[in-house]
Amino acid sequence: MPVHGSKSEKPDAAVLHRRDAYDLLGVSRNSTDQEIKSAYRKLALKYHPDKNANDPKAAEMFKEVTFSYTILSDPEKRRQYDAAGFEAVETESQELELDLSSLGTVNTMFAALFSKLGVPIKTAVSATVLEEALNGVVTVHPLPLGIPISKKVEKQCAHFYSVMISEEETQGGFVCRVHSPDKSKFKLLYFDREETGGLNLALQEESTKVGKVTSAGMYFLGFPVYRLEQTLNSMISAKDPDAAFFKKLDGFQPCEIIELKAGTHVFAVYGDNFFKSASYTMEVFSAASFSEEKENLRAVEAQILTKRVEMSKFETEYREVLAQFTEMTSRYTQEMQVIDDLLKQRNEIHASYTTSPPVKRSRNRIRGLVRESKEDSQIRERKSTRDRPKKKKWFNIHLKVDKRKSC
C-alpha cells in the first residue's frame, strides 16, 4: 500500500485524510484505463456541483474524485503513485477539467481570454448532457456509412448519432472522423449502451488544429491505435522549454477500444466553444478499402513508440551535456573577468614606474579653468559679431524715381 503521510513532521490534515485513489474510484490496482475512466465519470456525474449546489460535502467529494482521476489517468503519475503514494505526485501541476456550462458569464469570458492567449484549458462535457444520455432521454439520429453530414451544434450541447455496423464491416475496420472548416472547438464522443437503455460515455477525442481546420477522429482498425494527449502544464513548459520537448511523446498512449463489434453504436459531437455554436462535418465509413493507409499508420506509430524510448535516453545525455556546457560558460565568464583584472593591475604597475611628480589639480582650479574657457568663448562670439559687415536691408535701399516719366 502506498504511504499517504507527508514528509514534514506535522503533516497536513487534508493529506492525512485523503483516501487511496483506487479505493475512492472503486477500482482495483490492476484496472485498465477504460475501467478507471468509466468509474470516474459515474462518480463525477454523481457529485457534480450542478446537481449538488447546496451540498459542500458533495463539492469536496467531486474535487477529491477529480484529483484521484488526474493521477490514475496519467501513466507516469500512476506509476509514481503506485511506487510512493501521493508524496510522489506534484499536486501543484494537476489539471482540472472545467465544465463551461457551470461557469458564470464573467468566468467564461476569462476562460475564453486565457484560451486565446494560448493557455491550455481542459474542458469537461456538461453534466446535463451526460445525465440526459445516461437516462436515455437524448434524441439519436441514424447516420448511414459513407455519407458525410454538416451541422451546427450549440455550445455545451451534443448531437447524437447511431451507426449500424455489419459483421463484414467489422473485419475491415471502422473510422469516424469530424472536422470543422471554421476551426470550431468540439469533442467527438463514443457511448456504451447500459443495460438500462441509457448511454455511458466511453471515449472522447478533443479537436485539434490541423492546417486550416480543427479535426478529431476515432479509428477502430483491429489493431492498437494510439492517441496523443497534450497534458503538459503551460507554466512548466514556460519555465523549462526543454522539458516540454522531451515530454511531448509521453501522452502517446493506446486507445482503450481496439475494434467495434457488429451492431448499433452511438457517437456524438459536443460543442466546446465558449460563446458560439460549433460547425462540423461528420463522416463514418468502413476502412476495408484503406489497407495501405492502415499499414502506413501501424508503421508510423511503431516509429513514434521507438522514438519515445530513444528520447527518454537522449534526455539523460542531453541534461548531462547541458550541465557541462553551463559549467564551462560560467567558468569562461569568470576567467575572462580575472584576466581583465590582472591586465588592468599590470597597466597600473607599469604606469607607476616614473620620476615625474604626479599632477594634482584641485577642484577649484578645474572650476576656474572651466569658467575661463566659457568667458573666452563668449568674448570670441561678441568679436565675431562686431566684425561682420552690415548688410543693407531691403527697406533702407534708396530708390531713384524719374519724375518726368508718367506712371
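Nothing here was measured: the structure is a model prediction, and the numbers come from that model.
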Crowding at [atom1], [X] (>12 non-hydrogen neighbours, <6.0 Å):
{"X": "Glu327", "atom1": "CD", "value": "no"}
{"X": "Glu292", "atom1": "CD", "value": "no"}
{"X": "Glu154", "atom1": "CD", "value": "no"}

Exercise. What's the verdict on side-chain contact (heavy atoms from CB on, under 4.5 Å) for Leu221 and Leu297, showing C-alpha distance, side-chain angles and the deciding distance?
Worked result: CA-CA 10 Å; Leu221 304 176; Leu297 180 61; 3.8 Å; yes
Exercise. Hey, what's the ring geometry for Tyr161 with Tyr280, parallel, tilted or perpendicular (30° and 60° as the breaks)?
Worked result: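 Geometry flag for Tyr280 against Tyr161: perpendicular rings.
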Measure from the ring center of [X] to the ring center of [Y] and say whether it is less than 6.0 Å.
{"X": "Phe285", "Y": "Phe290", "result": "yes"}
{"X": "Phe267", "Y": "Phe191", "result": "no"}
{"X": "Tyr47", "Y": "Phe62", "result": "no"}

For this session: Please test Tyr219 against Cys176 for side-chain contact (heavy atoms from CB on, under 4.5 Å), starting from the C-alpha separation and ending with a verdict.
Result: CA-CA 7 Å; Tyr219 304 86; Cys176 177; over 6 Å; no
Problem set entry | CA sep, side-chain torsions, deciding dist, call: Asp33, Arg78, salt bridge (charged side-chain N to carboxylate O under 4.0 Å, His left out) | CA-CA 11 Å; Asp33 293 339; Arg78 183 178 180 181; 3.5 Å; yes
Problem set entry | Presence of salt bridge, Glu310 and Lys313, under 4.0 angstrom |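 So Lys313 does not pair with Glu310 through a salt bridge.
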For this session: Flag this pair as yes if the NZ/CZ of Arg298 is under 6.0 angstrom from the six-membered ring centre of Phe223 and inside a 45 degree cone about the axis; otherwise no.
Result: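 Positive - Arg298 is close enough to the ring of Phe223 and near enough to its axis.
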